[in-house]
Structures are given as structure tokens and as C-alpha cells.
Amino acid sequence: INTETPYLHIPTGSEIDDVVLLLEEKDMLLDRESFLFTAKQLKYDQNIKPGRYLLKNGMTNKELVSLLRSGRQKPINVVFNNIRTKDQLSLRIGEQIEAGSNAILNLMNDSDYLKEFGFTSENVLCMFLPNTYEMYWNTSADQFLKKMNKEYLKFWTAARKAKSISMEFSPIEVSILASIVQQESNQEVEKPIIAGVYLNRLKKNWKLEADPTLVYALGDFTIKRVLSVYKEIDSPYNTYKYQGLPPGPICLSTSSSIDAVLNYSKHSYMYFCAKEDFSGYHNFASSYIQHLINARKFQRALTKRGIRS
């Protein structure tokens, strides 16, 4: 058996000839006829079980058939993070499990299917929490979404739900706001302060005016400098044009971003602007005059670095 490729992936719907071909491709079959004879004797040829199997060096045909017939496959760790769109998520998952990206994307766009989970095709990304999840390679698109919903329900404990109720927010609304906060800062310590700014704006019936929502509306995630012309784009994600939260998240919110919103800082800040030292931290302000001073410092620093878009 080839030591470099010990895993055998048997797709759903495979027949005995397909299994033989897969074994031969990986140079894992010592004797084709002997394997087929053993498979017939153990009735494996009538009961092919899909999955990802770990093969060991020097396995006899009987050991090989017994393993494949048992269905004892090795689970995989499915990982996803830094995701902005449904397309990105479905591609990332499709690379890791048998269910293709199209099947996953189709379910994420199927409003009737998503109703049973309490989501719409616009806010379904709120259901996915970036992490590492153990599952089998031959997980279907439906099984994948059901597992993610189970993990989501596990995350939203009674304590977290109580906090969202006290804010008069649904868990979905908390996740949407968390996605904006997450795109504003990668400094965990600042996230509750930024969440507090946005909640202050919402309480005063101000528009959120969140730059990351413009970047999302434009769909160009390379933008480093948000220009005034972007504020004219007609999109429900343009929080300069439309009141309240956008219809869905602008990225997958991490659990720490969600917790930052649930544990937001109570303060009088209404504005914030990136610090001119590019440290990733922000200057906060309660008055528009102070905010303008902070914003000008940052604009000058951007221009100095030649960042114009």
C-alpha cells in the first residue's frame, strides 16, 4: 500500500468496480481478482459504504474488505473563517466535504428550506459560527446545514439570549451588528466600545453610517479608503442611505464579536475614527467637532501613505 496516500475516499453511490478503480489509482490493490472474490464472499459488493477510510500498510484483502464493509471511516475537521459571502462559504466547505459547493449554496438560497431553521436567504450567514467542526467527509449539504444549526442553537445559551432580549435585539440582529463591529476593528478590546457607539446611534434614530457596509454593498473587499461617492450606492446594505441594520451580516461573525455586542460598553460616544498611527485602534468622540479633528488626522495620514482608494 502506498504510504503517502493512506486515505481512500469512496463517493456516495459508488459500485464495486468504482472502489476497485479507486484502490488501483492509489496503488493500494495487490491482487484485483482476489479482492473481488473476497468482496463477493463478504457481500461487500452489494453494500458499498461511502466515506473516508484510513488504510494501513500490508493490509490483506480480507482486512481491507472488512474495514470498507464496516463503514468505520475517519472523521475530518472542517474549518472556516474570514468569510464574507455565501459564495465564499459554500466554496470553502465544498473543498472539504463530498457535498459540492453548488448543493450547499442552493440550500443557502432556498427560502422554504431555511424557514425550518428560522432564517432567510439574506441572513442565513448568521447561522454559521467560524470554528473547527468534526464531521464525516460524505456529509451531504442538508446534513451540513443541520449540523451548523445545531451548533448555532448550542451557542445561543439562555444567558446570551437573555442579554439580547435586554437589548431588544433578536440573536440574528446581534449577529448582524457583530459582523459590522468585526469589520471595524480587529482589536478585541475595542469591539464592545464600537458596539456601544452603534447602539447609541440606533437609540437616537440615527443612521448607522458604517463604512464596512458600503464596502460590502460594493462587493470590493480590497477597498482601503471609503470615498464619499460610495455613499450614493443604492443598496439595502448602504447604512448611510438606509436607517437601521442591514438585512444580513456583512461577514461571518466570530463568537467573540457576538459576545462584544452582547456585552457592549455603555458610554456617550457617537463617533469613532481609525487612529492616524495605523495601530488598528480608534479615536472615539462624543461631539461632531472632536470627531472632525480625529477624522482629519486620519485622512492626512492616509494621503501621506498614498492610500487613495
Side-chain angles (χ1 to χ4, degrees), residues 80-86 88-89 108-131 145 148-186 188 190-217 233 235-267 269-272:
F80 57 88
N81 47 40
N82 300 323
I83 300 284
R84 301 299 303 265
T85 64
K86 286 186 284 187
Q88 283 181 1
L89 180 63
M108 286 199 280
N109 285 327
D110 185 336
S111 334
D112 291 334
Y113 173 81
L114 295 174
K115 253 184 215 156
E116 64 172 291
F117 301 126
F119 291 91
T120 67
S121 59
E122 277 188 311
N123 64 30
V124 66
L125 283 187
C126 292
M127 189 171 85
F128 301 88
L129 292 158
N131 211 330
L145 263 79
M148 290 301 100
N149 186 245
K150 208 171 159 185
E151 296 292 340
Y152 171 83
L153 295 173
K154 208 189 289 178
F155 172 81
W156 278 98
T157 57
R160 284 192 175 103
K161 275 187 197 156
K163 282 177 181 172
S164 75
I165 289 165
S166 72
M167 292 166 64
E168 295 179 12
F169 266 42
S170 68
I172 287 173
E173 288 169 327
V174 170
S175 290
I176 292 172
L177 183 54
S179 73
I180 298 172
V181 170
Q182 186 170 307
Q183 289 305 312
E184 288 285 17
S185 180
N186 52 14
E188 294 294 333
E190 275 196 348
K191 286 180 181 178
I193 309 169
I194 293 171
V197 172
Y198 284 130
L199 288 162
N200 285 346
R201 288 181 186 177
L202 289 169
K203 275 176 204 153
K204 290 198 173 187
N205 285 322
W206 287 20
K207 292 190 181 86
L208 284 181
E209 297 194 347
D211 287 358
T213 64
L214 294 184
V215 172
Y216 185 85
I233 185 170
S235 160
Y237 287 87
N238 181 350
T239 55
Y240 278 85
K241 209 182 248 290
Y242 296 102
Q243 199 93 19
L245 293 167
I250 59 167
C251 68
L252 287 195
S253 308
T254 60
S255 53
S256 65
S257 296
I258 293 169
D259 283 337
V261 171
L262 292 172
N263 301 289
Y264 69 95
S265 304
K266 293 179 173 69
H267 52 61
Y269 298 137
M270 298 302 290
Y271 308 93
F272 64 97

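- The shortest heavy-atom contact between A260 and A195 is O-CB, 4.1 Å.
- Below 30°, between 30° and 60°, or above 60°: for Y271 and W206 the angle between ring planes is between 30° and 60°, a tilted geometry.
- Side-chain atoms of S175 and I258, non-hydrogen and from C-beta on, do get closer than 4.5 Å to each other.
- Once rounded to the nearest 0.5 Å, the distance linking CZ of F119 with CD1 of I172 reads 4.5 Å.
- Taking every heavy atom of both residues into account, N238 and L214 meet most closely at OD1-CD2, 3.1 Å.
- Separation of atoms CG (N131) and OG1 (T254) is listed at 10.5 Å; rounding is to 0.5 Å.
- A cation-pi arrangement is not found for K150 relative to Y152, the charged atom failing to lie both closer than 6.0 Å to the ring centre and inside a 45° cone about the ring normal.
- Contact detail for Y269 and I193: the closest heavy-atom pair is CD1-CG2, 4.0 Å.
- Salt bridge K163/D259: absent, no basic N to carboxylate O contact under 4.0 Å.
- Between F169 and L199 the shortest side-chain heavy-atom distance falls below 4.5 Å.
- I250 approaches R84 most closely through the heavy-atom pair O-NE, 2.9 Å.
- Of all heavy-atom pairs spanning S265 and H267, the tightest one is O-CD2, 3.4 Å.
- Between Q243 and K207, the shortest heavy-atom contact is OE1-CG, 3.9 Å.
- Within the 3.5 Å criterion, the main-chain N or O of Y237 finds a donor-acceptor partner in the side chain of T213.
- Side-chain contact between P130 and I83 is absent, with no heavy atoms from C-beta onward closer than 4.5 Å.
- The shortest distance between side-chain heavy atoms of P171 and R160 does not fall below 4.5 Å.
- The shortest distance between side-chain heavy atoms of L208 and L202 falls below 4.5 Å.
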query = Under the side chain to side chain contact (heavy atoms under 4.5 Å, CB included) criterion, do L129 and L252 qualify, and how do the steps go?
reply = CA-CA 7 Å; L129 292 158; L252 287 195; over 6 Å; no

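- Side chains of W156 and V174 form a contact here, defined as non-hydrogen atoms less than 4.5 Å apart.
- M167 is listed as a side-chain neighbour of V261, based on a closest heavy-atom distance under 4.5 Å.
- For the residue pair S253/Q182, the side-chain donor-acceptor check at 3.5 Å is not satisfied.
- Within the 6.0 Å centre-distance limit, the rings of F272 and Y198 are counted as a close aromatic pair.
- Note that the CE atom of M108 and the OH atom of Y113 stand 10.5 Å from one another [nearest 0.5 Å].
- Of the N and O atoms on the side chains of S257 and K191, at least one donor lies less than 3.5 Å from an acceptor on the other residue.
- Rounded to the nearest 0.5 angstrom, I180 CD1 and I176 CD1 are separated by 8.0 Å.
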E151 and M127: CA distance, side-chain angles, deciding distance, side chain to side chain contact (heavy atoms under 4.5 Å, CB included) verdict = CA-CA 9 Å; E151 296 292 340; M127 189 171 85; over 6 Å; no

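- Using a 4.5 Å heavy-atom cutoff, the side chains of E168 and E173 are not in contact.
- Rounding to the nearest 0.5 angstrom, the gap separating the CG atom in L153 from the CZ atom in F117 is 9.5 Å.
- Distance CG/D211 to CD/E184: 6.5 Å, rounded to 0.5 Å.
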